[in-house]
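Letters A, B, ... are given to chains in the order of the sequence lines, protein chains preceding strands, and every chain is numbered from 1.
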There are 2 protein chains.
Amino acid sequence: MGYTVKTMAEKANLSPHVLRYYEKEGLLPHVKRTKGGNRHYSDGDLEWLGLVCCLKNTGMSIKQIREFVNLRLQGPETLKARCDMLLAHKEEVEKHIEEMNRHLEKVTHKIEHFTKQYEEYSSGEAHGQEAMRTWGQTPSVHKKKSIE
Amino acid sequence: MGYTVKTMAEKANLSPHVLRYYEKEGLLPHVKRTKGGNRHYSDGDLEWLGLVCCLKNTGMSIKQIREFVNLRLQGPETLKARCDMLLAHKEEVEKHIEEMNRHLEKVTHKIEHFTKQYEEYSSGEAHGQEAMRTWGQTPSVHKKKSIE
DNA sequence: TATTGACTTAGAGTTAACGTTAAGGTTTAT
DNA sequence: ATAAACCTTAACGTTAACTCTAAGTCAATA
């Protein structure tokens with residue numbers, strides 16, 4: 001029971017490099033070694049890495065994750081602090097998601113706008129404008145200069 | 001009708017520096033100048049910048065935004081391409097948001113877990129464990145070494 | 001036992017998207 | 001007229017999160 005860097009990396013869908021990097025950054029403390037000095041990850045490490053990845057994947061910086069890890073290392077007196085930290089993070093992420101959704105709405109509007117324009121344009125082209133192109137300059141009266 | 005860099009920057013909540021940077025990177029083409037050479041942004045520029053910011057704020061890279069701008073500069077033949085690009089981006093962002101939500105659920109679980117542990121711990125401390133701490137080592141029998 | 005391949009380290013390099021500083025000049029607003 | 005804001009170029013600095021390199025060590029197989 002225990003994994004090499006490579007196995008661990010596969011399980012976590014990360015590169016071995018990143019695992020070593022995380023360890024160096026203090027995100028994965030107390031990783032055991034074999035006699036030879038090779039990393040030997042436990043299931044506990046794997047579970048912990050799971051949480052670390054969750055935090056990272058929701059945008060928490062490595063610096064902040066390190067703070068979280070440091071709290072954990074200080075024992076159960078920091079349970080409340082850790083809980084608060086996660087709660088704060090959760091709220092931030094939720095706010096972030098809301099913002100993304102707002103921005104996305106604007107994009108959706110633009111898409112609708114473009115779709116309409118595209119339909120107009122392509123139908124215009126299908127019924128005669130294509131021919132005009134080959135004959136010379138399009139009369140400016142017919143072709144309003146669109147901003148989009 | 002027209003804005004200086006500073007005004008424009010305030011409207012967009014960016015620094016003047018970033019506006020010049022975006023222009024240099026090709027994100028804001030055809031910005032008019034005064035006789036003297038100062039930038040003189042139009043409402044059209046402002047609107048365009050709005051879209052650029054939306055894309056940026058939903059995580060599109062400057063490189064990709066530049067591609068989008070370049071399509072626009074090629075005229076209405078690229079309407080479909082632009083539309084497709086935005087659609088693809090939208091889907092990506094939606095996928096990203098879903099993923100965030102999934103990760104967030106895990107965080108929520110952890111929070112519940114921590115809350116429970118914290119309550120146990122603090123009630124334990126309130127009814128006698130605090131005293132024990134001042135007397136010496138906590139007997140290992142009573143204090144299971146938690147992984148969290 | 002030899003060799004291959006995975007592991008180790010420290011440290012340098014990369015990328016994106018800015019930010020900073022400076023020099024030296026021009027424009028605009030009051 | 002004078003101060004504040006603007007211009008350009010150009011290079012250097014910053015931060016985050018990797019990513020790679022070099023030079024060496026360890027482990028498993030033929």
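Side-chain atoms of A:Thr115 and A:Glu119, non-hydrogen and from C-beta on, do get closer than 4.5 Å to each other. Contact of the A:Arg33 side chain with the A:Asn38 side chain is not registered, since no non-hydrogen atoms from C-beta on lie closer than 4.5 Å. The closest side-chain heavy-atom distance from A:Leu28 to A:Leu49 is below 4.5 Å.
Computed from coordinates, the B:Leu28 CG to C:dC18 C1' distance equals 15 Å when rounded to whole Å. In this entry the distance linking CD1 of B:Ile65 with P of C:dC18 reads 9 Å, nearest Å. Spacing between atom NE2 of B:His40 and atom C1' of D:dA5 amounts to 15 Å, rounded to whole angstrom units. The distance from atom CD of B:Glu23 to atom P of C:dC18 is 15 Å, rounded to the nearest whole Å. Rounded to an integer number of Å, the gap from CG of A:Leu55 to P of D:dA17 is 12 Å. Rounded to an integer number of Å, the gap from A:Gln64 CD to D:dA16 C1' is 13 Å. As rounded to whole Å, 11 Å separates atom P of D:dC6 from atom CG of B:Leu19. Remark: P of C:dG5 and NZ of A:Lys6 are 11 Å apart, rounded to the nearest angstrom.
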Side-chain donor-acceptor pairs under 3.5 Å in residues 96-103 of chain B, sequence neighbours left out?
from	atom 1	to	atom 2	distance (Å)
B:Asn101	ND2	B:Ile97	O	3.4
B:His103	NE2	A:Asn57	ND2	3.4

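The line from OG1 of B:Thr58 to NZ of A:Lys106 is 11.0 Å long, rounded to the nearest 0.5 Å.
Distance from the side chain of B:Arg33 is smallest to D:dT8 among D:dC6, D:dT8, C:dT9.
A sub-4.0 Å separation between OP1 or OP2 of D:dT8 and a side-chain N or O of B:Arg39 is present. Between C:dT9 and A:Arg20, no contact under 4.0 Å exists linking OP1 or OP2 to a side-chain N or O.
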Listed pairs, N/O of protein and of nucleotides 27-30 of chain C, under 3.5 Å:
from	atom 1	to	atom 2	distance (Å)
C:dT28	OP1	B:Thr34	OG1	2.8

Please write out each protein N/O paired with an N/O of nucleotides 18-22 of chain D under 3.5 Å, distance rounded to 0.1 Å.
from	atom 1	to	atom 2	distance (Å)
D:dC18	OP2	A:Tyr22	OH	2.9

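Within a 6.0 Å radius of CG in B:Asp43, other residues, nucleotides and ligands contribute more than 12 heavy atoms.
Taking each heavy atom of A:Leu14 and A:Cys53 in turn, the nearest pair found is CD1-SG, 4.0 Å.
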